[in-house]
Each structure stands twice: as structure tokens, then as C-alpha cells.
Visitor: 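The structure under discussion is supplied below as C-alpha cells; questions concerning it will follow.
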Amino acid sequence: MKAPALSLTPRAANRVRFAAILGVLGPGLVSGFADNDAGGISTYSVAGVQFGYDLLWVLLASQIVLFFTQEVGARLGLATGQGLAGIVRERYGVRWAAFMISAMLIANTGSIVAEFAGCGAALDLFGVPNWVSALLAATVVVLLLTRGSYRKVQYLFVAVGLGVSVAYLVSAVLAHPDWGHAASSLVVPRLASSPLYWLTVVATVGTTITPWGQAFIQSYVADKRLGPEDLVAERLDVGLGAFLTNLIGAFIVIACAAAVYSAGKQIDTSSPDAIQQIALALKPLAGDGATVLFAVGLLAASFLGLGVVPLTSAYAACEAFGWETGVDWRVREAPAFYGLMIFFIAFAALFILLVPARMLITVMFTAQVINCLLLPFVLVFVMRLSADKKLMGPLVSGRFLLTVGWLGTALLVVLSLTLVATSLFGF
Amino acid sequence: MLYLSQAIGRPVRDQHGEPIGRVADVIVAIGDRYPPVTGIVVDTNGREIFLHWQSVTSLDASGATLGTSAIDITKFQQRPNEIRLKLDLMDRQIVDIDGRKVVRVNDLRLDEVEGSLHLVAVDVGPSGLLRRLGIEGPWRTLARGLHREVPERYIDWEDVDPVERTIASVKLRVPHKGLAELHPADLATIIDQLSRNDRVGVITALDDEAAADAIGEMEPDTQVDILEDLEPARAADILEEMDPDEAADLVADLSHESRAEILGLMEKDEADEVQELMTYAEDTAGGIMTTEFVAVRASLTAAQTIDRLRELEPDAEMIYYVYVTDSDERLVGVLSLRDLIVAKPNTPISRFMFDEPVAVHTDASQEEVTEVVARYNLLAVPVVDAEGRLEGIVTVDDAIDTLLPEPSKRRLPRLFSRSGAAER
């Protein structure tokens with residue numbers, strides 16, 4: 001028998017390396033795409049409608065912060081093979097874990113309700129009644145998560161995320177924006193002193209960097225069983241995710257800026273169907289196609305959020321109790337994990353079906369406040385854990401990452417608390 | 001009894017009652033069945049010092065008291081066989097033998113064993129979690145008001161693998177499901193010790209197979225008591241699950257009325273077998289044999305015989321020998337499973353069977369049977385009647401039962417294991 005070739009040609013070796021990197025890609029992309037869920041798209045649209053191109057610089061800035069927070073989360077997952085909830089319990093005890101998880105579960109439930117509302121708003125543009133879209137979305141997500149393997153679910157998440165990107169890219173192009181203006185706004189901040197401007201800045205960052213996003217990337221990396229050796233590929237993954245996330249955000253802002261703000265249209269952004277009005281406002285200038293694409297993008301983004309947020313809740317609760325987690329298990333092999341996930345989806349679906357629209361806004365608003373209050377705790381946990389040599393081994397945060405991380409944390413804490421203060425007490 | 005969480009953070013006082021710090025951790029030496037406490041770690045103004053257990057006079061939920069005022073303030077050095085309960089075990093992930101995540105350590109339970117404090121169990125129940133959250137008391141009051149119990153669950157330290165110093169998780173030694181499923185012999189021991197009423201309660205809660213396994217391991221008197229106390233229909237179901245030889249012995253001991261009633265409720269085939277076996281005296285080959293064996297005709301080929309085995313799906317206990325009979329059911333040969341597998345598929349079994357099989361007579365005494373089994377190194381010996389017809393087989397475990405003095409019989413592990421939870 002002929003001996004097998006022991007070494008690869010340089011080209012083949014490169015191909016193998018490339019394949020290995022592709023194999024690692026996923027958690028960062030999915031987490032990034034999911035940050036642009038229903039809430040994200042509403043926020044970006046409102047930013048574009050109210051301030052035109054002016055807020056584009058925020059997207060570039062939040063992209064950088066997002067990269068560093070997600071990178072720490074992914075690194076914790078790589079180094080420990082555990083989700084955040086589990087490590088917080090091990091390191092800080094049951095009470096801190098209980099506090100973090102209960103707050104996160106409540107806030108996440110609000111987010112899931114918002115995802116359902118997003119699906120509903122998108123399908124409403126095609127004349128689908130709300131209860132049909134809620135039931136349909138819930139059923140599809142549950143089937144997907146309970147039946148699919150990790151690989152399949154991840155591929156689908158990435159595909160949906162790319163679909164959202166394309167949808168908004170095309171609707172931005174169709175809106176005939178002033179590209180030069182957009183490009184300069186991306187790099188040169190155009191500051192304004194109005195409180196509404198700053199509130200929108202805070203909301204834009206807040207919709208991108210969330211407690212659940214932080215918990216999700218870590219659990220998802222651990223669920224994929226990636227290890228310290230995947231650090232480089234995972235950083236690439238996170239970078240790509242952060243970049244694409246904010247690119248989509250930028251396209252949404254650009255589309256709305258061109259079709260609504262520059263066209264001099266007025267939209268009451270505080271009304272419950274603002275997002276639908278925005279989608280319809282694209283029509284005169286950008287044509288029917290843009291409205292359809294906007295709606296499809298919203299639907300896909302909400303759907304992605306509907307998959308990822310309940311998954312995060314189930315990961316967090318199971319990790320804290322030590323129950324088996326993972327998309328690869330069959331339902332009966334990880335009953336608590338799937339049971340909780342289905343429970344959160346069903347609970348939010350019932351909510352959207354039974355609770356009147358006016359109260360839904362209160363619910364989502366409350367969830368956002370809880371998210372803002374929780375984010376500082378989550379970031380401080382993450383930063384402290386990532387500096388723990390015993391826990392992280394070679395993946396421990398170096399001086400540069402720690403400095404950047406704590407700066408970002410401080411910034412986000414200030415932004416979060418500002419948002420809470422203004423939401424609760426007004427200016 | 002002391003839970004680790006009750007002691008952590010409590011004051012440590014010297015022999016004069018002066019506080020010197022707080023309990024930061026408790027140290028045990030692993031290796032023993034229940035690891036003994038060897039010391040405590042005290043936090044004195046942010047500095048951790050180690051106190052040997054000999055200098056600690058008491059450790060409870062109110063804190064620790066020392067018997068000495070001279071404290072060695074050298075920095076704590078962990079020895080290889082020692083673990084720090086809070087740092088190394090508390091809140092850790094517990095994984096099943098196959099690596100699956102089961103639950104986390106909610107608390108650790110320490111008990112006095114032979115006069116000193118040992119780590120005895122891992123608290124994995126809701127009560128432990130409530131205690132850690134500091135709301136166990138109010139919760140229990142509330143639960144009592146609602147007439148609910150607060151569930152407590154523990155894993156015995158014996159069922160946990162000895163842990164290394166750098167543990168990411170704690171591994172179980174017994175499958176998690178198996179923790180609840182005791183071995184039939186252990187279950188039998190427990191049931192033997194219960195009152196007559198309680199026994200029926202326990203058996204009623206088991207499924208037929210588990211009940212049959214447990215009853216099979218019990219003392220004959222207890223067996224009879226239980227069967228007579230059970231609903232006759234349930235007793236019949238359980239007997240059907242038992243090996244026919246065991247069932248026959250048991251039925252023979254029942255009162256006449258119960259016997260007739262229970263046999264009447266059993267499936268006809270099984271009842272007939274039991275009744276046939278009952279005709280033999282208890283201490284003879286006929287009395288200890290089982291009628292579950294595989295017999296085929298000499299005209300079959302090897303392949304046909306294997307097909308036949310597949311159809312019958314015999315239990316592991318009798319598959320190793322295939323007996324060959326003629327048209328009058330007289331024993332004419334024996335095949336081992338090995339012979340059957342290595343033979344060419346089309347070869348008639350009469351060509352390669354062993355045609356002078358060792359057999360015992362139904363009247364043969366138990367001692368004779370045992371001797372035959374031992375002399376020929378058999379896993380089972382066939383039992384024939386006066387005309388040479390194959391009536392049953394005695395398996396090696398039933399044969400050597402007679403060699404052992406009565407009390408230790410139950411302790412011997414079965415040579416042919418039942419497919420249990422452990423194998424999954």
C-alpha cells in the first residue's frame with residue numbers, strides 16, 4: 001500500500017487553514033446580526049427619519065465598542081467553555097447569579113415581545129393579521145430550534161442575517177441617497193445640542209450593545225465547543241459580525257434619511273405603527289420595491305431576534321442551574337433547555353395576542369429600562385472575569401484590552417444611566 | 001449536621017471569645033469514603049490564614065471557636081489531597097458519567113461521623129438553593145402555610161468521583177438516573193427490613209419488572225408475605241416477570257387459596273410452566289431448573305438455527321447453549337453459540353453438535369447438579385426426565401446457590417447481569 005502524503009502543499013495548507021477559520025465563524029456573525037433585531041431597526045429608522053445622516057458617526061463608534069465587548073464575551077467562552085451565567089455563579093455566588101438572571105429573563109421576555117411585534121408589523125404591510133403572524137413565527141422558530149442541529153441553525157441564522165443586510169442595502173440604494181454626504185457623516189460627527197439628539201445617540205448604542213447580546217455570544221461560543229486555539233478565527237468572526245451589524249444599521253439610516261428626512265416628510269415616531277409609516281414613506285421616492293424590502297428586512301431581523309433571545313434566556317437559566325444546554329441535543333436529552341426556550345416564546349406570543357397594543361409599548365419600554373440597568377453589571381462582571389488569570393489562562397485580557405474594555409464599559413454605563421434617567425424622569 | 005453556607009462568613013473566636021476573623025473556607029482531605037474536615041481558612045482583615053482542625057473546638061452555624069490563642073499565621077498552603085470546599089466545590093457543575101451536565105452544587109452537607117466532622121453529601125435540591133439565597137426560612141414558613149414540602153435532594157459523596165485540584169466540574173460515579181434506581185439486591189434488603197404494610201406500599205410503587213427483580217432477591221418468608229398482601233392480579237403480573245423456577249418456588253410456598261387464585265390470573269403459558277416446575281421437589285434439579293431454554297431440531301442448518309435464535313430473542317441467561325432434540329423432544333446434542341457462529345451457514349447442525357451432552361435427571365439432588373456444573377465447567381446443565389426428554393436447564397448461578405450458606409446468598413453478584421439502568 002502506498003504511504004499517504006504526510007505534508008500538504010502550501011496551497012492546500014492555506015485551503016485547510018481557510019476551512020478551519022470558516023468552521024469557527026458563526027457566533028460573532030449571528031450575535032452581531034441579532035443585535036439588529038426589531039428594536040434595532042426601529043431605532044435606526046427613527047434616527048434616520050429625525051436627524052437624517054447626522055447620526056451615522058454613532059454607528060461607526062458603536063461598532064468599535066461592540067467589537068471589544070463581544071470579543072471579551074467570546075474570549076470568556078473560549079477560555080472556560082461555559083456561559084456567563086455559570087461563571088458568575090461560580091465566581092460571585094448564587095445571589096449575584098440570581099439577580100443577573102432574573103433581570104435578564106424579564107428584560108429578554110420584553111425583547112421577545114418586541115420581536116413578535118416586529119414580525120407582526122412587517123407582515124401587516126402584506127395584509128397578514130397579527131395573530132396569524134405571531135402563531136406562524138412562534139411555530140417556525142420552535143420547530144427550527146428543537147429540530148435543527150447547531151450547524152443547521154447557525155447556517156440559517158447567518159443566511160437570514162445576510163438576507164437582512166441585502167434587503168437594506170438595496171432599499172438604501174433605491175432611495176437615491178446623497179452618498180458623499182453619508183460618507184462624510186460616518187466619519188465626521190455632526191453634533192447637536194438638542195436633548196432628543198443625544199437621547200437618540202444613546203438609544204442607538206443601547207440597541208446594539210445589550211446584556212443578552214453579551215450573554216449570547218459567550219454561551220453560543222461554548223455551545224459550539226470552540227477552545228482557546230480558535231481565538232484568532234473567533235476574533236475575525238466577532239469583527240465581521242460587528243462590522244456587518246453596523247453596516248446594516250448605516251443602510252437603514254441612509255434609506256430613511258434619503259426617503260423621509262431629505263424629502264421633508266414628517267412622521268410621528270412615537271406612534272405604535274411608526275415603523276410601518278416609515279416603510280410606506282419609502283414608496284413615493286424609492287418605489288414599491290423599497291417598501292417591500294424594508295418590510296422583508298424587518299421580518300427577517302425580528303425572526304432572527306425571535307430565535308436568538310429565547311435561546312439566550314434558556315442558556316442563562318440552564319447554565320445557572322447546571323442543566324444540560326445546547327442546540328445539538330435532542331429535546332429529551334436537554335428537556336429543561338428546550339422547555340424553557342419554548343416557554344419564553346409561548347409566553348411572549350400569548351402576551352402579544354392578549355395584551356392591547358398600548359400596554360405592549362409599556363412592556364417593551366420597561367424591558368429597555370431593565371436592560372439599561374443590567375448592562376453595567378454584566379459589563380463589570382465580564383471585564384473582571386476576563387482579567388482573572390486563573391480562569392482565563394493564556395486568554396487573560398492584556399493591558400491594552402483591559403484599558404479599552406474599561407473605557408468602553410465606563411462609556412456604556414454613563415450612556416445606560418442617562419437613558420434610564422431620561423426615560424424615567426424626563427429632562 | 002452543618003451546611004457549608006451556614007458556616008461561611010461567620011465569626012471565628014479564640015478561646016477567650018475574642019473575634020479574630022471570619023470563616024472563609026473549610027478544608028477536607030479526600031480519599032476516604034466521607035472526607036474528614038482537616039482545617040478551616042480564616043479571613044482576618046483580608047488575609048487568609050489556615051487553622052488546623054485540632055485547634056478548632058467547634059464549627060457550626062454560629063461560627064468557629066478555637067481552643068488555642070496561639071495562632072500560626074503562616075500563609076495557607078493547600079496540600080495535594082486537600083480541597084477547599086467553597087473555592088473548589090461550591091456552585092460547580094456536576095456532570096454525569098457520560099459527561100452530560102446534570103445540576104450544580106447548591107451546598108455541601110457536613111455531618112458528624114464517628115465523632116468528627118466529615119463531608120457527606122452534595123446538596124443539589126431546591127432547599128439548598130433557597131438557603132444560599134437566604135430565604136430558606138421564610139420560604140419554609142410559606143410552604144408550611146400552603147401544606148407543601150420544600151424538596152431536598154442530596155447526592156451521597158460516595159457517588160461523586162474524587163476530584164482533582166483544578167476542577168472545572170464534579171463527575172458522578174453512578175449514572176444520575178441510577179441514583180434513584182437501587183440494585184434489586186439493595187432494594188430487597190431495604191424491603192426486608194420494612195414492616196409488612198410498608199413493604200406492599202414500596203412494591204406497589206415499582207413497575208412489574210423491578211418488583212420481580214426485588215422480590216427475587218428476598219428471603220422466602222418475605223416473598224410469600226408480599227405476594228399474599230398484594231392484589232392477586234398484580235401478584236400474577238409480577239410472577240410472570242420472574243424466572244419460572246423462582247416463580248415456581250414462590251408459588252409452592254403460597255397458601256392453597258392464594259395459589260389457585262394467582263395462577264388463575266396468570267397468562268396460561270406461564271402458569272402451566274410454573275405448575276409443571278412445582279411438581280418437582282424443591283431441592284432437586286427439577287426444582288431449581290428453569291424452563292426457559294432454546295431447543296432446536298437436529299435437521300436444521302447453522303443458518304436456520306441462528307434465524308431461529310433471532311426469532312426467539314432469548315434472554316442472555318440461556319443463549320450460550322442451544323440444545324438439540326429429536327422428534328420426541330429427547331435431548332440428542334448441544335451446541336455452543338461459538339460453534340454456531342463459526343460453522344458454515346449451510347452445514348446441518350447434526351454435523352458439528354456435541355452429541356453426547358452432559359445432562360442431569362430431574363430427580364438429581366442439587367449437590368449433584370452443582371458437581372456436574374463444576375466438573376464440566378458449564379454455564380448451564382440440561383435437565384431430562386426418565387425418558388430422556390429435555391425438561392429444563394439449571395444455570396450456573398442457580399446451581400451454586402446451594403453451595404453458599406444461606407445469609408450470604410443474596411450478596412453474591414449475579415453472573416448474568418440483568419440489563420439495568422447502568423448500561424442504558
Side-chain angles (χ1 to χ4, degrees), chain A residues 76-103 219 222-223 225 227-228 314-338 340 381 385 388-395, chain B residues 3-9 24-25 78 83-108 122-136 139 151 153 155 160 163-172 175-177 424:
Chain A
L76 271 164
L78 293 176
T80 63
Q82 286 207 59
L84 184 61
I87 305 188
V88 166
R89 180 168 170 186
E90 281 182 15
R91 291 277 151 161
Y92 300 110
V94 170
R95 290 184 199 196
W96 276 114
F99 159 75
M100 188 183 88
I101 287 151
S102 19
S219 299
D223 192 1
R225 289 163 212 279
Y315 276 132
C318 290
E319 281 158 4
F321 284 110
W323 299 327
E324 189 55 88
T325 57
V327 186
D328 264 339
W329 295 113
R330 273 182 231 146
V331 176
R332 67 182 158 74
E333 291 170 323
F337 175 68
Y338 286 108
L340 282 168
F381 279 141
L385 288 168
D388 185 333
K389 181 87 179 91
K390 210 173 146 195
L391 187 70
M392 301 294 289
L395 297 197
Chain B
Y3 292 102
L4 182 67
S5 67
Q6 296 173 326
I8 298 294
D25 216 332
Q78 199 164 357
I83 49 174
R84 291 181 61 161
L85 295 186
K86 178 169 184 280
L87 194 71
D88 296 334
L89 278 180
M90 203 68 142
D91 290 317
R92 292 298 162 142
Q93 177 76 55
I94 297 176
V95 298
D96 213 336
I97 44 170
D98 55 6
R100 277 198 216 170
K101 293 184 262 181
V102 178
V103 71
R104 276 183 190 272
V105 177
N106 287 341
D107 209 341
L108 293 159
V122 179
D123 186 336
V124 293
S127 62
L129 208 55
L130 292 168
R131 189 180 316 116
R132 295 286 306 286
L133 288 169
I135 53 171
E136 193 191 13
W139 192 283
R153 279 178 58 219
I155 295 177
V160 175
V163 277
E164 296 146 36
R165 279 272 303 274
T166 51
I167 26 171
S169 53
V170 180
K171 200 161 187 175
L172 291 180
H176 183 246
K177 263 180 78 188
R424 243 199 275 184

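Owing to the predicted nature of the structure, the values given are computational and were not obtained by experimental measurement. Order of the sequence lines fixes the chain letters, A, B, ..., with proteins taken first and strands second; residue numbering starts at 1 for each chain.
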Visitor: Looking at B:Arg104 and A:Glu90, is any side-chain nitrogen of the basic one under 4.0 Å from a carboxylate oxygen of the acidic one?
Guide: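 Salt bridge: yes.
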Visitor: To the nearest 0.5 angstrom, please state how far the CZ atom of A:Arg89 sits from the CZ atom of B:Arg132.
Guide: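 The CZ atom of A:Arg89 sits 6.0 Å away from the CZ atom of B:Arg132.
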Visitor: List the atom pairs, with distances to 0.1 Å, where a side-chain N or O of residues 123-130 of chain B and a protein N or O form a donor-acceptor pair under 3.5 Å, not counting sequence neighbours.
Guide:
unit_1: B:Asp123; atom_1: OD1; unit_2: B:Gly125; atom_2: N; d: 2.9
unit_1: B:Asp123; atom_1: OD2; unit_2: B:Arg131; atom_2: NH1; d: 3.4
unit_1: B:Asp123; atom_1: OD2; unit_2: B:Arg131; atom_2: NH2; d: 3.4

Visitor: Go through the atoms of A:Thr325 and report whether side chain, backbone, both or neither lie under 4.5 Å from a heavy atom of chain B.
Guide: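 Both backbone and side chain.
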Visitor: Inspect the surroundings of CH2 in A:Trp329 and state if more than 12 heavy atoms from other residues, nucleotides or ligands are less than 6.0 Å away.
Guide: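 Yes, enclosed.
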Visitor: Of all residues at least two apart in sequence or in a different chain, which pass the side chain to side chain contact (heavy atoms under 4.5 Å, CB included) check with A:Arg330?
Guide: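 Only A:Arg332, A:Glu333 meet the side chain to side chain contact (heavy atoms under 4.5 Å, CB included) criterion with A:Arg330.
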Visitor: For A:Ala320, is it the side chain, the backbone, both, or neither that has a heavy atom closer than 4.5 Å to a heavy atom of chain B?
Guide: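 Contact with chain B is through the backbone of A:Ala320 alone.
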Visitor: Mind ranking A:Gly86, A:Gly93, A:Ala98 by heavy-atom pairs under 4.5 Å with chain B and telling me who comes out on top?
Guide: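 That would be A:Gly86.
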Visitor: Decide if atom CZ of A:Phe321 counts as having more than 12 heavy atoms of other residues, nucleotides or ligands within a radius under 6.0 Å.
Guide: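 At most 12 heavy atoms, drawn from other residues, nucleotides or ligands, come within 6.0 Å of this atom.
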Visitor: Hey, what do you get for CG (B:Leu133) to CZ (A:Phe99), rounding to the nearest 0.5 Å?
Guide: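 These two atoms lie 13.5 Å from each other.
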